[in-house]
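Down below is the structure, laid out as structure tokens.
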There are 2 protein chains.
Amino acid sequence: MEKNFKKFSTSPQCPIRNVLDRFGDKWSILVILVLGENGTMRFNEINKTIGDVSQKMLTVTLRTLEADGLVARQVFPEIPPRVEYQLTHLGMSLMPHITSLASWADQNIHQIKTSREKFNA
Amino acid sequence: MEKNFKKFSTSPQCPIRNVLDRFGDKWSILVILVLGENGTMRFNEINKTIGDVSQKMLTVTLRTLEADGLVARQVFPEIPPRVEYQLTHLGMSLMPHITSLASWADQNIHQIKTSREKFNA
DNA sequence: CAGTATCCGGATGGATACTG
DNA sequence: CAGTATCCATCCGGATACTG
């Protein structure tokens, strides 16, 4: 095996780690996945779709994704307020990589679970 | 946009979240990337390659990846001890998805950093 | 060399209450 | 509706010391 892949630096300051660390939080990948699948969504819509994310963490996650330029946030000056979120072009360019990861997870979850059980036996 | 992607459940107990949560820790993706690029490696080799991972966290990460069946651990009964790690077939099947993520990160880090600076200005 | 054991601080993130 | 503010428990993960 080995070395059929492009080599990446793995030093602490490298760009790849800088970005991948972002996905290390609990909700970022999931929010991108949900927005990518559903298009434009309101705050509470995302909240209900994910189900078990707190209001606080959803806000923090969306703000971070907005800061990174992955998600666009549009506020409508209405009462009651309406705020819509959608992936930016950059965010959408990330989607295929996320979905391919999700597909892999979907296809291999059984094997992984079996492996975990064996290991803990 | 939207709905060009296969739909995934996003409920708290879904398989995808079960697997993706694993990548939420600080070192898993990086260890897989390093092993995928270099093939078989000894404990201290991985440690040095990553650079800023503690002995404890590297052990924990490797054990978890082993439990999930992504990494194989082979102990040689020698003094001083030698332990070699490599990706399993399952682990290797994950590699393309990780490297495609890394490539994306590499290509877009500049735009993301620029976006962050604008947002915090 | 490749770990284990222990301690410990800081960050993560949940619950709750409140607001424009 | 879409947040903010605050408090607080947990847990992640680093530092250090020790071992077969």
Side-chain angles (χ1 to χ4, degrees), chain A residues 10-13 17-18 20-32 34-35 38-68 71-86 119-120, chain B residues 10-13 17-18 20-32 34-35 38-68 71-86 119-120:
Chain A
T10 45
S11 77
Q13 296 79 18
R17 291 189 49 180
N18 189 299
L20 291 186
D21 279 355
R22 269 291 193 275
F23 307 146
D25 65 41
K26 200 169 177 182
W27 303 110
S28 289
I29 293 187
L30 207 53
V31 167
I32 292 171
V34 166
L35 281 177
N38 298 306
T40 301
M41 295 177 86
R42 299 180 64 167
F43 184 87
N44 275 353
E45 243 185 307
I46 304 174
N47 200 331
K48 283 176 195 168
T49 303
I50 294 183
D52 61 336
V53 62
S54 67
Q55 215 170 17
K56 173 187 166 183
M57 289 317 298
L58 182 54
T59 302
V60 170
T61 303
L62 285 168
R63 286 294 184 288
T64 305
L65 293 174
E66 190 192 355
D68 285 1
V71 163
R73 177 176 182 265
Q74 188 176 8
V75 182
F76 296 86
E78 305 171 358
I79 306 266
R82 179 161 57 106
V83 181
E84 291 186 348
Y85 295 90
Q86 55 184 317
F119 193 83
N120 298 321
Chain B
T10 44
S11 76
Q13 296 79 19
R17 293 188 48 179
N18 190 298
L20 292 186
D21 278 357
R22 269 290 192 273
F23 306 146
D25 65 41
K26 200 170 176 179
W27 303 110
S28 289
I29 293 187
L30 207 53
V31 168
I32 292 171
V34 166
L35 281 177
N38 298 304
T40 301
M41 296 177 85
R42 298 181 62 167
F43 184 87
N44 276 354
E45 243 184 306
I46 305 173
N47 201 332
K48 283 176 194 167
T49 303
I50 294 184
D52 60 338
V53 63
S54 67
Q55 214 170 18
K56 173 189 166 182
M57 288 318 298
L58 183 54
T59 302
V60 170
T61 303
L62 285 168
R63 286 294 185 287
T64 306
L65 292 175
E66 190 191 357
D68 284 1
V71 163
R73 176 175 184 266
Q74 188 176 9
V75 183
F76 296 86
E78 305 172 357
I79 305 265
R82 179 160 57 106
V83 181
E84 291 186 349
Y85 295 89
Q86 55 183 316
F119 193 82
N120 298 321

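Computed over heavy atoms, backbone and side chain alike; hydrogens, waters and symmetry mates excluded. Below, chain A is the first sequence line, B the second, and so on; all start at residue 1.
Between the P atom of D/dA2 and the CE atom of A/M41 lies a distance of 11 Å, rounded to the nearest Å. With rounding to whole Å, B/D21 atom CG is found 13 Å from C/dG13 atom C1'. When the C1' atom of C/dC1 is taken as reference, atom CG of B/L62 falls 14 Å away, rounded to whole Å. In this structure, A/N47 places its CG atom 11 Å from P of C/dG14, rounding to the nearest Å. As a whole-Å value, the separation of A/K48 NZ from D/dC1 C1' is 10 Å. Atoms CD1 (B/I46) and P (C/dC1) sit 14 Å apart, rounded to a whole Å.
Rounded to the nearest 0.5 Å, atoms CD1 (B/I32) and CZ (B/R22) are 10.5 Å apart. If you take NZ on B/K48 and CZ on B/R42, they are separated by 9.5 Å, rounding to the nearest 0.5 Å.
Between A/Y85 and D/dG3, a side-chain N or O to OP1/OP2 separation shorter than 4.0 Å is present. Put simply, B/R42 has a side-chain N or O that comes within less than 4.0 Å of OP1 or OP2 on C/dA2. Checking the phosphate oxygens (OP1, OP2) of D/dT4, a side-chain nitrogen or oxygen of A/R63 falls inside 4.0 Å.
Nearest heavy atom pair, residue B/E66 against residue A/F119, reads CD-CE1, 3.5 Å. Minimum interatomic distance between A/E45 and A/M41 (heavy atoms only, all atoms of both residues): OE1-CA, 3.5 Å.
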Side chain to side chain contact (heavy atoms under 4.5 Å, CB included) between A/W27 and A/L62: does it pass, once the steps are laid out?
-> CA-CA 9 Å; A/W27 303 110; A/L62 285 168; over 6 Å; no
Check step by step if side chain to side chain contact (heavy atoms under 4.5 Å, CB included) holds for B/L30 and B/V53.
-> CA-CA 10 Å; B/L30 207 53; B/V53 63; over 6 Å; no
Show your reasoning for whether side chain to side chain contact (heavy atoms under 4.5 Å, CB included) applies to A/I50 and A/M57.
-> CA-CA 12 Å; A/I50 294 183; A/M57 289 317 298; over 6 Å; no
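Every residue two or more places apart in sequence or in another chain was checked for a side-chain hydrogen bond (donor to acceptor under 3.5 Å, both in side chains) with A/Q55, and none qualifies. Residues that satisfy the side-chain contact (heavy atoms from CB on, under 4.5 Å) test with B/S28, not counting sequence neighbours, are B/D25, B/T61, B/L65.
Taking every heavy atom of residues 71-81 of chain B and every atom of DNA chain C, pairs under 4.0 Å involve B/R73, B/P80, B/P81, by number.
Using a distance-only test at 3.5 Å, with no hydrogens or angles considered, no donor-acceptor pair links the side chain of B/N47 to the main chain of B/F43.
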Per-pair distances, 0.1 Å, donor-acceptor, side chain in residues 72-79 of chain B, under 3.5 Å, sequence neighbours excluded:
from, atom 1, to, atom 2, distance (Å)
B/R73, NE, B/Y85, OH, 3.2
B/E78, OE1, B/R82, NE, 3.3
B/E78, OE2, B/R82, NH2, 2.8

Here DNA chain C, pairs taken as Watson-Crick or G-U under 3.5 Å and shown with ( ), [ ] when crossing and | when to another strand, reads ||||||||||||||||||||
Contact string for nucleotides 9-19 of chain D, one letter per nucleotide 5' to 3', B = base within protein heavy-atom range under 4.0 Å, S = sugar-phosphate only, - = neither, reads ----BBB----
